[in-house]
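Here the structure is laid out as C-alpha cells; the discussion comes afterwards.
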There are 2 protein chains.
Amino acid sequence: MRTDNRLSRVLHALLHLQDLDGPATSEQIGMMLNTNAAVVRRTMGGLREAGFVASVKGHGGGWTLARPLDQITLLALYDALGEPSLFAVGRSEDAPGCQLEQAANAALSSALDAARARFRQELSEVTVADLRDRTAPGFSV
Amino acid sequence: MRTDNRLSRVLHALLHLQDLDGPATSEQIGMMLNTNAAVVRRTMGGLREAGFVASVKGHGGGWTLARPLDQITLLALYDALGEPSLFAVGRSEDAPGCQLEQAANAALSSALDAARARFRQELSEVTVADLRDRTAPGFSV
DNA sequence: AATTCATGATACATATGATGTTACATGATA
DNA sequence: TATCATGTAACATCATATGTATCATGAATT
C-alpha cells in the first residue's frame with residue numbers, strides 16, 4: 001500500500017529551509033523533495049495555517065520558517081498535516097450488528113489506540129532541531 | 001485509504017467457527033463476513049498453514065478449528081496472515097543520499113517501530129477466547 | 001463409476017486514496 | 001505593466017486490498 005509520506009517530507013523541507021538564507025520557492029523545495037511545486041504548496045499549507053512557516057507571494061517570495069526549529073515538535077507537524085490516518089490495518093464493517101464482529105473490532109481498536117498513543121508520544125519528544133543535530137558533524141547543504 | 005481488514009475478519013470467523021458444530025464452508029463464512037467465498041479461502045489459507053484451522057475438501061468439508069481458541073493469540077493470527085503492513089504513514093524516498101532526509105526518516109522510523117512494538121504487545125496479551133468472553137453473557141449465534 | 005460438493009489456485013476487475021500534473025486566478029515586486 | 005510566486009481546483013496516475021470469475025483437484029454420496 002502506498003504510504004503517506006507527508007510528515008517525512010515536511011521534516012526534510014524544514015531542515016533545508018533552516019540552511020537557506022532567504023525564502024525558498026515551492027519550485028526549489030520541489031527539487032529537494034523530488035516532487036512537484038503544487039505538491040509542496042498543498043503539503044506546506046497546513047504548516048502555514050499552524051504558524052510554523054510563512055509564505056509570501058510574488059517576486060522574491062516563497063517559504064520561510066516562522067518559528068525556531070527547536071520549538072516545533074514532530075507531533076505538532078503531524079497534527080498540522082491534519083493528523084493523517086496512521087494505520088493500514090483497520091476494523092471490518094461486514095456485519096455491524098454481530099456481537100462477534102464487534103468483539104473482534106473492539107480488541108483490534110484497543111491495540112491500534114495503544115499503538116497510536118505510543119506513536120504520538122514518540123513524536124512529542126523530538127523537535128525538528130533535534131533532527132538537525134543528528135546529522136553528521138559539520139554537515140551542511 | 002482502504003484498510004486491511006483481514007485480522008478483524010479472521011477473528012470474527014474463528015469466533016463463529018467455535019459456535020458451530022461441524023465444519024463451515026467458505027460460502028457460509030462468506031455470508032457471515034458479507035464477502036465472497038474466494039476471499040475467505042484466500043484469507044484463511046494463512047491460518048491453515050499456521051495450524052490454527054483445518055480445511056477439508058469435498059462433501060461435508062469446510063473449515064474447522066484445529067486448536068482451542070484460548071491457545072490462539074491475536075498476535076499469532078496477525079503473523080499467520082503474513083504480518084500485514086501496519087502503517088499508512090511511511091518514509092519518503094525522495095532523496096536517498098540527503099542527510100537531512102535520512103535524519104527525518106530515522107526519526108519517523110523510530111516512532112513507527114515503537115508503535116509497532118506496542119501494537120504487537122497488545123495483540124500478544126489477548127487470545128481469541130478472551131474475545132468470546134467479552135460478548136454479552138449468554139450470547140449465542 | 002458418476003455426480004455433487006468444496007477447497008486450491010490463478011487471473012482479472014473494481015474501488016479507493018495518496019501523489020502527480022496541469023491550468024489559471026490572485027497578489028506582490030520590479 | 002510584466003514577471004514571479006502562491007492558492008486553488010480539477011483531473012490523471014499508480015498502487016493495492018478486495019471483489020469476482022473460472023477451473024482443476026480431491027472427497028463423499030449415489
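A quick note: this is a predicted structure, and the numbers were derived from the prediction, not measured. Every chain is numbered from 1, with letters handed out A, B, ... down the list of sequences.
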Worksheet entry | Heavy-atom protein contacts under 4.0 Å, nucleotides 5-15 of chain D, coded B base, S sugar-phosphate only, - none | SBB--B-----
Practice prompt. Just do the side-chain contact (heavy atoms from CB on, under 4.5 Å) check on A/H12 and A/L33 with the steps written out, would you?
Written response: CA-CA 8 Å; A/H12 185 187; A/L33 303 192; 3.2 Å; yes
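Neither side chain, A/T25 nor A/W63, offers a donor N or O lying under 3.5 Å from an acceptor on the other. If you check the side chains of B/S8 and A/N105, you find a donor sitting under 3.5 Å from an acceptor. Checked by atom type, the side-chain pair B/R91/B/S109 shows a donor-acceptor distance below 3.5 Å.
Partners of B/N34 according to the side chain to side chain donor-acceptor pair (under 3.5 Å) rule, which considers only residues two or more places apart in sequence or in another chain, do not exist here.
Considering A/I72, A/L65, A/L69, A/V10 in turn, A/I72 is the only one that fulfils the side-chain contact (heavy atoms from CB on, under 4.5 Å) rule with A/F52.
Across the protein-nucleic acid pair, A/F87 atom CZ and D/dA17 atom C1' stand 18 Å apart, rounded to whole Å.
Using a 4.0 Å cut-off between a side-chain N of Lys or Arg and a carboxylate O of Asp or Glu, B/R120 and B/E83 qualify as a salt bridge.
Along DNA chain C, the nucleotide closest to A/T3 and the one closest to A/N36 are compared, and the more 5′ of them pairs with A/T3.
The two residues B/L74 and B/T127 have their closest heavy-atom pair at CD2-C, 4.2 Å.
Across every strand in view, C/dA30 sits in a pair with D/dT1 that passes the Watson-Crick or G-U test at under 3.5 angstrom.
With a heavy-atom cut-off of 4.0 Å to chain B, the contacted part of DNA chain C has its first and last nucleotide at C/dT4 to C/dA18.
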